[in-house]
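Here the structure is laid out as structure tokens; the discussion comes afterwards.
Per chain, numbering begins at 1; letters A, B, ... match sequence-line order.
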Amino acid sequence: MASLSSVAVTSIPKFDLEFRKSSQHSLSTEKSSNISYQRNSTTTLPDRFIDPKCLDFREALSILNEGTKIESAYYVPLLQQCIDNYSASEAQIIHTHIIKTGAHEDMFLMTFLINVYSKCGVMDYAHEVFDKLPVKNVVTWTALITGHVRNSQPELAIEVFKELLEAGAYPTNYTLGAVLSACSSLYDIKMGKQIHGYIIKYQIESDTSIGNSICSLYSKCNCFDFAVKAFGRIPEKNVISWTTMISACGDNGEAQKGLDFFVEMLSENGEPNEFTMTSVLSLCCVLQALEFGKQVHSVSIKLGCLFNTPVKNSIMYLYLRSGQTDEARKMLNAMETVSLITWNAMIAGYAQMTDVEKDVVTAQHSGTEALNIFLKLNRSSVKPDLFTFSSILTVCSSLVASAQGEQIHAQAIKTGSLSDIVVGSALVNMYNKCGNIEGATKAFVEMPTRTVISWTSMITGYAQHGRPQQALQLFEDMTLAGGRPNKITFVGVFSACSHAGMVDEAMRYFKMMKKEYKIKPVMEHFACLIDMFVRLGRLQDAFDFIKKMNFEPNEFIWSILIAGCRSHGNMELGFYAAERLLELKPKDSETYVLLLNMYLSAARWKDVSRVRKMMKDEKIGKLKDWSSISIRNIVRSFKPDDRSDTHSPEMYALLNDLLDKAKNLGYVSQKSLEMADEEEKGKTFSSVVHHSEKLAVAYGLLKMPSSASIRVLKSISMCRDCHSFIKYISALAGREIIIRDSKRLHQFNNGHCSCGDFGSLL
DNA sequence: CGCTCATAAT
């Protein structure tokens with residue numbers, strides 16, 4: 001990393017503050033064409049030559065090509081057109097003419113040319129112009145620095161800044177603003193603080209734009225408190241100051257404070273603009289503050305911001321995220337231009353709904369909606385980008401929509417999007433969630449660079465697919481490659497140890513996590529470790545571990561212990577754990593079903609009715625059993641005993657046939673899932689046979705090519721009966737069957753399951 | 001004179 005320490009910074013003379021006074025008004029791209037150079041009155045060129053709106057570029061060029069000598073002022077509107085057209089080649093033509101006529105001795109014109117080239121994205125040309133200047137001043141230096149910042153070359157910007165200091169030039173507030181911006185993009189807080197030091201020393205901290213830049217720097221470097229302080233020190237806050245502060249709150253997970261700042265801004269008669277509104281709206285999204293958002297919507301109308309596309313996009317996205325799909329539609333219909341960002345906001349909005357929605361039916365509905373929008377986007381003239389791909393891959397992950405995911409993978413390759421780490425991680429995640437460990441491995445290996453997220457995703461993937469050794473090997477690879485594991489990485493590691501029953505290894509990693517990486521253990525870590533003891537049948541060790549941890553055990557921990565006690569027949573400990581669990585008054589109906597089943601199998605009827613009463617008092621609903629399967633672009637979902645599909649007769653016949661064959665091989669149908677409702681009691685047994693995942697698997701067997709794997713998503717945990725039966729199906733039909741339920745991934749092959757026949761199966 | 005600061009989506 002570049003450092004200023006190599007430069008004799010202490011020798012910086014006082015800043016040339018005169019510059020600031022004469023440059024109060026900022027220079028927008030439009031204004032810069034109206035620079036008033038002294039014009040020579042003898043010039044014979046038409047007046048419209050200086051008005052960019054009336055100027056015909058070709059006509060102007062032909063005049064230039066005749067060898068007409070013109071004042072340098074006349075080049076400015078022409079060069080402005082080059083910027084507007086983002087055309088470096090047009091700029092070069094004019095540049096050639098400038099050299100021919102000797103206008104290149106005009107310092108101001110050459111500074112402008114540096115800007116033109118940098119705004120057209122060709123920093124090499126800008127550098128060339130700069131290098132050929134016989135005399136350089138602080139503005140030419142600053143133009144070059146700004147160019148590098150604009151073209152995402154912050155390191156080079158810093159290099160040039162150091163050269164400027166070495167050359168003994170005087171940086172201005174403009175220069176330092178650009179350098180601060182470079183520090184921000186590099187997240188280089190150390191150098192940023194040095195610059196801040198000079199700014200204080202030379203007393204230009206009170207300059208509004210400098211204050212804004214400092215606030216922005218601290219925010220980008222996650223120093224939120226410093227950002228707030230910097231904001232407070234700006235004596236004359238403008239709309240940019242407020243907007244910077246508000247978006248800083250969003251970037252630093254302080255959304256509520258952002259809304260407070262917005263209210264404060266309004267009360268101090270600050271006038272928000274379209275930038276402010278989009279920032280505030282994104283905070284409303286984070287906070288799910290729909291009512292506040294609606295008010296922001298009406299303020300936007302009053303301020304006339306609603307004509308701004310980003311504002312409309314943000315409002316639409318807020319409505320979508322809040323589940324107000326009709327309102328979102330209205331906003332969409334009111335848009336005259338539908339940009340890629342609009343598409344992305346729609347897809348991401350539905351993707352989010354898919355991800356957070358507990359009700360699987362609703363989740364599937366929004367997921368399907370997102371896929372439909374993506375199809376429409378592909379038929380339009382707009383090309384999807386990195387955001388689109390990562391959002392839509394998340395949808396495929398949530399829906400276990402493997403075929404769609406693979407298609408999108410192919411499209412991502414074609415568009416060169418695979419070099420992006422977010423898209424790469426989304427792909428690894430998609431294949432893992434779809435139970436395709438080979439696909440995930442391939443996507444992971446092909447990533448150009450890996451992040452903690454992709455490493456962790458892959459480690460967890462191996463653990464979930466019952467490949468603990470590979471998971472642990474990957475963890476070693478990760479640390480060897482210099483990757484720093486986080487708490488989620490360790491959840492994956494412990495989960496692998498739990499699968500492999502590697503108690504000593506687990507304890508070693510547990511120590512490593514606390515000592516070496518200074519990560520405080522959280523409930524998920526304990527859950528994995530307790531699960532490990534339980535799997536091994538070491539229930540007392542599990543219980544001791546619970547007592548040892550510095551946490552009050554939650555529902556999840558007790559449920560694991562209860563499930564283990566039930567499997568290993570240690571009922572005494574099971575009943576104790578059940579009492580602790582009931583004290584917590586869980587809200588989850590699956591937990592109660594687990595308890596009911598335990599008491600039922602022990603014939604403790606008093607407890608059975610006690611649990612039932614509690615469920616009524618706590619208003620716990622019935623289990624919502626749903627399963628879905630994606631075939632081509634259609635997501636098909638099934639309820640238990642579902643007969644809504646036209647192929648239902650064939651599905652049920654197929655299931656009966658498989659049931660008979662499985663029984664011949666030793667399968668025993670069992671009544672394992674108690675319905676939450678007493679009236680359901682009599683019907684329970686028949687329901688077990690037609691649980692939703694059995695139907696979805698049958699549908700897949702009928703509809704999918706005979707070699708294809710069958711992938712099913714299920715809303716609740718699988719019951720023991722289904723788990724056992726589907727193992728038989730995988731052997732009988734010679735198919736790989738993957739079921740992702742609410743708790744874990746089950747990969748069935750040749751009569752075996754990757755979960756190791758263990759888990760909190762109901 | 002010329003050079004800067006803030007926005008929506010993973």
Side-chain angles (χ1 to χ4, degrees), chain A residues 19-20 22-23 25-27 31-32 34-38 73 76 106-116 118 137-147 149-150 171-182 184 207-217 219 234 238-248 250-251 272-283 285 305 308-318 320-321 339-349 351-352 355 385-395 420-423 425-426 429 453:
Chain A
F19 257 128
R20 282 175 52 223
S22 51
S23 59
H25 59 278
S26 67
L27 184 90
K31 273 184 186 164
S32 60
N34 293 334
I35 303 157
S36 52
Y37 285 91
Q38 289 229 323
V76 174
D106 184 329
M107 186 85 148
F108 297 152
L109 185 60
M110 294 325 269
T111 309
F112 193 63
L113 192 59
I114 292 174
N115 250 309
V116 174
S118 79
N137 66 21
V138 66
V139 184
T140 50
W141 285 104
T142 306
L144 196 62
I145 293 170
T146 308
V149 173
R150 201 196 310 276
T172 65
N173 51 343
Y174 286 104
T175 323
L176 293 169
V179 175
L180 282 174
S181 169
S184 293
D207 181 282
T208 302
S209 58
I210 284 289
N212 296 347
S213 296
I214 294 170
C215 179
S216 172
L217 168 81
S219 158
I234 303 172
N238 63 12
V239 60
I240 298 179
S241 321
W242 287 103
T243 309
T244 306
M245 194 60 244
I246 289 167
S247 64
D251 293 339
N273 62 12
E274 65 273 24
F275 288 86
T276 324
M277 299 322 269
T278 41
S279 295
V280 173
L281 284 162
S282 104
L283 297 179
C285 261
C305 292
N308 178 266
T309 307
V311 172
K312 277 188 280 195
N313 282 334
S314 306
I315 294 174
M316 185 196 72
Y317 185 66
L318 171 68
L320 212 49
R321 284 282 303 267
S339 68
L340 176 60
I341 291 177
T342 316
W343 286 104
N344 283 352
M346 295 273 290
I347 292 170
Q352 281 285 330
D355 225 35
D385 72 350
L386 306 173
F387 284 96
T388 327
F389 285 125
S390 37
S391 295
I392 200 68
L393 283 169
T394 306
V395 171
D420 183 71
I421 42 172
V422 182
V423 174
S425 311
N429 181 44
I453 296 175

Next on the checklist: Please determine whether side chain to side chain donor-acceptor pair (under 3.5 Å) holds for the pair A:Thr140 and A:Thr111, giving the CA-CA distance in whole Å, both sets of side-chain angles, and the decisive distance to 0.1 Å.
Outcome noted: CA-CA 5 Å; A:Thr140 50; A:Thr111 309; 5.4 Å; no

Checklist outcome for this item: Separation of B:dA9 atom P from A:Ile315 atom CD1, nearest Å, is 13 Å

Item to check | Any A:Tyr317 side-chain nitrogen or oxygen under 4.0 Å from OP1 or OP2 of B:dT10 | outcome: yes

Checklist entry - Where the side chain of A:Ser391 is defined as all heavy atoms beyond and including C-beta, which of B:dT10, B:dA8, B:dC5 is the nearest nucleotide? => result B:dT10

Checklist entry - For A:Ile234 and B:dC5, what is the distance between atoms CD1 and P respectively, to the nearest whole Å? => result 15 Å

Checklist entry - Among all residues two or more places apart in sequence or in another chain, which pass the side chain to side chain contact (heavy atoms under 4.5 Å, CB included) test with A:Thr342? => result A:Asn313, A:Met316, A:Leu332, A:Met335, A:Val338, A:Ser339

Next on the checklist: Heavy atoms from C-beta onward define the side chain here; which of B:dT7, B:dT10, B:dG2 lies closest to that of A:Ser247?
Outcome noted: B:dT7

Checklist entry - What is the distance from OH of A:Tyr174 to P of B:dT4, rounded to the nearest Å? => result 9 Å

Next on the checklist: Checking contacts here: which listed nucleotide (B:dT10, B:dT4, B:dA8) is nearest the side-chain heavy atoms of A:Thr146?
Outcome noted: B:dT4

Checklist entry - At under 4.0 Å, does any side-chain N or O of A:Gln352 touch on OP1 or OP2 of B:dA9? => result no

Next on the checklist: Using whole Å, what does the distance between atom P of nucleotide B:dT7 and atom CZ of A:Phe275 come to?
Outcome noted: 8 Å

Item to check | A:Thr278 (side chain) and B:dT7 (base): donor-acceptor pair under 3.5 Å | outcome: yes

Checklist entry - Whole Å only: how far is the CG atom of A:Leu340 from the C1' atom of B:dT7? => result 16 Å

Next on the checklist: According to ring-ring contact (aromatic ring centres under 6.0 Å, His included), who are the partners of A:Trp141, at least two apart in sequence or on a separate chain?
Outcome noted: A:Phe130

Item to check | A:Ser118 OG to A:Arg150 CZ distance, which is reported to the nearest 0.5 Å | outcome: 4.5 Å

Checklist entry - Counting any heavy atom closer than 4.0 Å, what does A:Thr142 reach on the DNA or RNA strands: base, sugar-phosphate only, or nothing? => result base

Checklist entry - A:Ile240 side chain: which of B:dA6, B:dT4, B:dA9 is closest? => result B:dA6

Next on the checklist: What is the distance, to the nearest angstrom, from the CH2 atom on A:Trp242 to the C1' atom on B:dC5?
Outcome noted: 16 Å

Item to check | Closest nucleotide among B:dG2, B:dC5, B:dT10 to the A:Val139 side chain | outcome: B:dG2

Checklist entry - Heavy atoms under 4.0 Å, any strand shown: does A:Arg321 hit a base, just sugar-phosphate, or nothing? => result nothing

Checklist entry - Just checking A:Asn115: base, sugar-phosphate only, or nothing, at a heavy-atom cut-off of under 4.0 Å? => result sugar-phosphate

Checklist entry - Atom CD1 of A:Ile246 and atom P of B:dA8: how far apart are they, to the nearest Å? => result 12 Å

Next on the checklist: Can you measure A:Asn429 atom CG to B:dT10 atom P for me and round it to whole angstrom units?
Outcome noted: 15 Å

Item to check | Given B:dA9, B:dA6, B:dT7, the nucleotide with the shortest approach to the side chain of A:Thr244 | outcome: B:dA6

Checklist entry - Just wondering, more than 12 heavy atoms not from A:Ile453 lying within 6.0 Å of its CD1? => result no

